[in-house]
Amino acid sequence: MKVLLINPEFPDTYWSFRHALPFEGKRSALPPLGLLTVSSLLPKSWERRLIDLNVRSLRSSDIEWADMVMATAMLVQKDSLKRVIQRCKATGKRVVVGGPYVSTTLDELPEADHIFVGEAETTLPEFVDDLRRGTTRRTYQAAGRPPLSITPVPDFGIADLKLYSGMSVQYSRGCPFNCEFCDIIEIYGRVPRTKSNQQMLTELDTLRDLGWHGTVFIVDDNFIGNKKNVRRLLPELADWQKRHGYPFTMITEASVNLAEDEPLLDSMRSAGFRRVFLGIETPIEESLKEAQKSQNRGNLLDSVKKIQSYGIEVMAGFIVGFDNDPEDIFERQIKFIRESAIPLAMVGILSALPDTQLWRRLKQEGRLLNESSGNNTNCQINFVPKMDPARLITGYQSIMRTIYESSEYYQRALDSLKRTTQNSSEPNRFGIFSGTAAFIRIALKLGVLDRERKEFWRYLAHILVENRHRLVEGLRLAAMGYHFRKLNDDMANESGDVIGEVSEEKWIEKYAGFL
Ligand code: B12
Ligand code: SF4
């Protein structure tokens, strides 16, 4: 059996990093870990090839080679997935689809032969047996959530590692919290399941054996969801890093209550964690209550500073559009982002993802409009907000314009570098940005060709004077800032008039059918 594993294309979003990746000569941020895991679950005798449409195109010869096509997708990849399915079905191939999009979509399932809902550790082996017996079904849904002890080491070898800026590994699935808008707890549950320490170290060994060094993203929904197990993992991870000369810079996602646990922060620092993505969402207490985000209690600014004091850069998600958002929400978000020195602030408009608690409440209140596009940064609102929608969109855009304006962004980056002072054993020495080629590309693009070049040189001068040993980090942040600014420019050019002049009447007219 020859299996073609396909990751559909991502649209250009804040998370695509399209304008930053070329600086380091990369094509995509991370490989599709779901498909690498699926590949490992298939019988060893089957041949497999990975086509990630974010790093190269799908050729007719790829499809002709295959007996069967297996594709994954998030909601944002839906359109590309549809095109992939059409092409493959047109040549008579059996098409199998799984991943977060089909696992959460309630209607409008793609025209594939087989749909996998949820995690595939138990259902894929069942499908392989059914194929042999000729008794396959259209839908495969696991009866429960599998323990991660049965998850095999992902088939990292089928990806062309050099085309990616980081590698992903997963330690846990699920999160113990109960945020109203969150689909993670619907897909992966509220009881965080983890791999064993040995499984994790084997995955890292595998990556190292394949020649990888640099960024490793632990793509957990909440890395500290199961604190007891994480506490046991971190010392072993730190040992592993030390034994191998700190080959990996670790990044992960965690809930804000990480700040309350200093021993845990200390262990994370020792294990080489240098960046963490937090779900801060909003500095407004009433909105946090509405979102059932009780773990974001206390002074959020102090929490961010605490984490930064452990040498860990904070990235964070922010949301506007809660029912309890006050009129000055936009200014307050800007102020918070500025004071917290979070360079990479992912701000989005609240989006009701399929079958979440938020989705169910809005449906009951008759406020749901349509399916979410899955991209909460594209100014589309899929429910009737309490605030005038036109004001919400323009307010949202004013946040994005302000926080990614050059001088504002560079100042946050400088503040972040200052607050995340690290000791000399930091594992950044293999950072790809340290390459001369990357430096020349950044200097040429941001320091010569870019209209904001003065700000760039001012920023660089500050780093050289105050934080010389953080130059590599500083350049990485400059490249990321450029991506966000370019994307803002592109979006303003595309939608400027429409969104600039959007009025409540126009908005209601557009969605009248749904209302
Ligand atoms: C890493 C990650 C990313 C990476 C991308 C990595 C990549 N190249 O795929 C980055 C950071 C770029 C990213 C970006 C975004 N992401 Co993201 N991301 C994740 C995260 C944290 C981990 C994904 C992962 O590797 N999981 C590990 C693998 C093993 O799990 P899995 O993919 O679910 O695979 C299992 C099953 O689903 C199944 N399966 C999967 N595929 C297939 C295929 C077949 C054929 C079969 C049989 C089975 C199968 O088998 C696997 C083993 O059980 C998930 C959360 C999560 N827990 O998964 C969110 C998640 C996938 N992301 C999400 C979102 C919304 C986004 C963004 C749209 C965010 C935004 N607002 O802009 C962007 C979109 C990307 C873009 N460029 O625009 C949502 C998707 C929701 C949905 N219903 O579609 C998730 C679930 C997070 C969330 N809170 O909801 N993301
Ligand atoms: S903390 Fe994050 S992953 Fe956990 S329930 Fe809330 S939004 Fe979901």
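Numbering of ligands and ligand atoms starts at 1, following listing order. Since the structure is predicted, the reported quantities are computational estimates derived from the model, not experimental observations.
Counting heavy atoms under 4.0 Å from ligand 1, residue W15 touches it through both backbone and side chain. Counting heavy atoms closer than 4.0 Å to ligand 1, residue E119 contributes atoms from both its backbone and its side chain. The part of I184 lying near ligand 1 is the side chain, judged by heavy-atom distances below 4.0 Å. By the criterion of a heavy-atom distance under 4.0 Å, neither the backbone nor the side chain of P146 is placed next to ligand 1. Looking at Y188 against ligand 1, only its side chain comes within 4.0 Å, counting heavy atoms.
Under a 4.0 Å N-O distance rule, the pair D160/K162 qualifies as a salt bridge. A salt bridge links K293 to E281: one of the charged nitrogens lies within less than 4.0 Å of a carboxylate oxygen. Classification of D113 and R137 as a salt-bridged pair fails, no side-chain N sitting under 4.0 Å from a carboxylate O. Between R360 and D355 there is a salt bridge, since a side-chain N of the basic residue sits under 4.0 Å from a carboxylate O of the acidic one. Classification of K93 and D67 as a salt-bridged pair fails, no side-chain N sitting under 4.0 Å from a carboxylate O. In this structure, R275 does not pair ionically with E253, as no charged nitrogen and carboxylate oxygen lie closer than 4.0 Å. Using a 4.0 Å cut-off between a side-chain N of Lys or Arg and a carboxylate O of Asp or Glu, E313 and R476 qualify as a salt bridge. Look at D62 and R87 and you find no salt bridge, because none of the NZ, NE, NH1 or NH2 atoms lies under 4.0 Å from a carboxylate O. Using a cut-off of 4.0 Å between Lys/Arg side-chain N and Asp/Glu carboxylate O, E285 and R297 are scored as not salt-bridged. With respect to the salt-bridge test (charged N to carboxylate O, under 4.0 angstrom), the residues K78 and E371 qualify. The existence of a salt bridge linking R367 and D323 is confirmed by a sub-4.0 Å separation between a basic side-chain nitrogen and an acidic carboxylate oxygen. Between D489 and K486 there is no salt bridge, since no side-chain nitrogen of the basic residue lies less than 4.0 Å from a carboxylate oxygen of the acidic one.
The presence of a protein heavy atom under 4.0 Å from atom 85 (C) of ligand 1 is ruled out. Distances from atom 59 (C) of ligand 1 to the protein include no heavy-atom value under 4.0 Å. The nearest protein heavy atom to atom 54 (C) of ligand 1 is not closer than 4.0 Å. The nearest protein heavy atom to atom 23 (C) of ligand 1 is not closer than 4.0 Å.
For atom 2 (Fe) of ligand 2, the nearest protein heavy atom (residue, atom name, distance) is K293 NZ, 4.1 Å. Counting protein heavy atoms only, atom 83 (N) of ligand 1 is closest to T104 OG1, 3.3 Å. Of the protein's non-hydrogen atoms, G374 O, 3.1 Å is the one closest to atom 68 (C) of ligand 1. Among all protein heavy atoms, the one lying closest to atom 78 (O) of ligand 1 is T13 OG1, 2.6 Å. Nearest protein neighbour of atom 71 (N) of ligand 1, counting heavy atoms only, is N376 OD1, 2.7 Å. In terms of protein heavy-atom proximity, atom 89 (N) of ligand 1 is nearest to D183 OD1, 3.3 Å. The shortest contact between atom 75 (C) of ligand 1 and any protein heavy atom is with F10 CD2, 3.4 Å. The nearest heavy-atom contact from the protein to atom 39 (N) of ligand 1 is G99 N, 3.5 Å. Scanning all protein heavy atoms for the shortest distance to atom 21 (C) of ligand 1 gives V219 O, 3.5 Å.
Considering only non-hydrogen atoms, atom 48 (C) of ligand 1 lies nearest to V38 out of V102, V38, I218. The heavy atom nearest to atom 19 (C) of ligand 1, out of those in H114, M74, M346, is found in M74. Evaluated by nearest non-hydrogen atom to atom 42 (C) of ligand 1, the leading choice among A112, A73, G98 is G98. Here atom 50 (O) of ligand 1 lies nearest to A120 when heavy atoms of A120, G174, G279, S372 are compared. Nearest residue to atom 36 (C) of ligand 1 from P32, G118, G34 is G118 (criterion: closest heavy atom).
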key: Step-by-step side-chain contact (heavy atoms from CB on, under 4.5 Å) determination, L350 to N376   = CA-CA 7 Å; L350 184 65; N376 60 353; over 6 Å; no
Criterion side-chain contact (heavy atoms from CB on, under 4.5 Å) on L237 and F273, from CA distance to verdict = CA-CA 10 Å; L237 197 52; F273 283 79; 3.9 Å; yes
task = Carefully, step by step, assess W65 and K2 under the rule side-chain contact (heavy atoms from CB on, under 4.5 Å).
result = CA-CA 7 Å; W65 169 86; K2 292 178 184 151; 3.5 Å; yes
task = Test side-chain contact (heavy atoms from CB on, under 4.5 Å) on I284 and F322 and set out the steps.
result = CA-CA 10 Å; I284 311 297; F322 291 113; over 6 Å; no
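A ring-centre distance under 6.0 Å is found for W15 and F277. For H114 and F127, the ring centers sit closer than 6.0 Å to each other.
Atom numbering of ligand 1 starts at 1 in the shown order; those under 4.0 Å from a heavy atom of V96 are 45 (C). Those atoms of ligand 1 that come under 4.0 Å of a heavy atom in L33, given as number and element, are 25 (O), 27 (C). In the vicinity of T37, heavy-atom distances shorter than 4.0 Å reach the ligand 1 atoms 29 (C). Heavy-atom proximity to V76, at under 4.0 Å, picks out these atoms of ligand 1: 68 (C), 74 (C). Under a 4.0 Å criterion applied to the non-hydrogen atoms of E121, ligand 1 contributes the atoms 52 (C), 53 (O). Close contacts of ligand 1 with D221, meaning ligand atoms under 4.0 Å from a residue heavy atom, involve 55 (C), 56 (C), 57 (N). Residue M70 has at least one heavy-atom neighbour below 4.0 Å for each of these atoms of ligand 1: 45 (C). Contact atoms of ligand 1 toward F116: 47 (C) (distance under 4.0 Å to a heavy atom of the residue). Remark: ligand 2 atoms within the under-4.0 Å shell around heavy atoms of Q295 are 1 (S), 6 (Fe).
Residue I280 holds its CD1 atom at 9.5 Å from CD of Q333, rounded to the nearest 0.5 Å.
In this structure, H483 and Y14 have perpendicular ring planes: the angle between them is above 60°, well past the 30° mark.
Between L35 and D155 the shortest side-chain heavy-atom distance does not fall below 4.5 Å. By the 4.5 Å heavy-atom criterion applied to side chains, V153 and S40 are not counted as neighbours.
Protein N/O/S atoms closer than 2.8 Å to atom 8 (Fe) of ligand 2, listed by chain and residue number, are C182 SG.
Between L353 and ligand 1, no pair of N/O atoms sits closer than 3.5 Å.
Heavy atoms of A71 approach ligand 1 to within less than 4.0 angstrom. Residue contact annotation: Y14 has no non-hydrogen atom under 4.0 Å from ligand 1.
Relative to the ring axis of F248, R208 does not place its NZ or CZ within 45° and under 6.0 Å from the centre.
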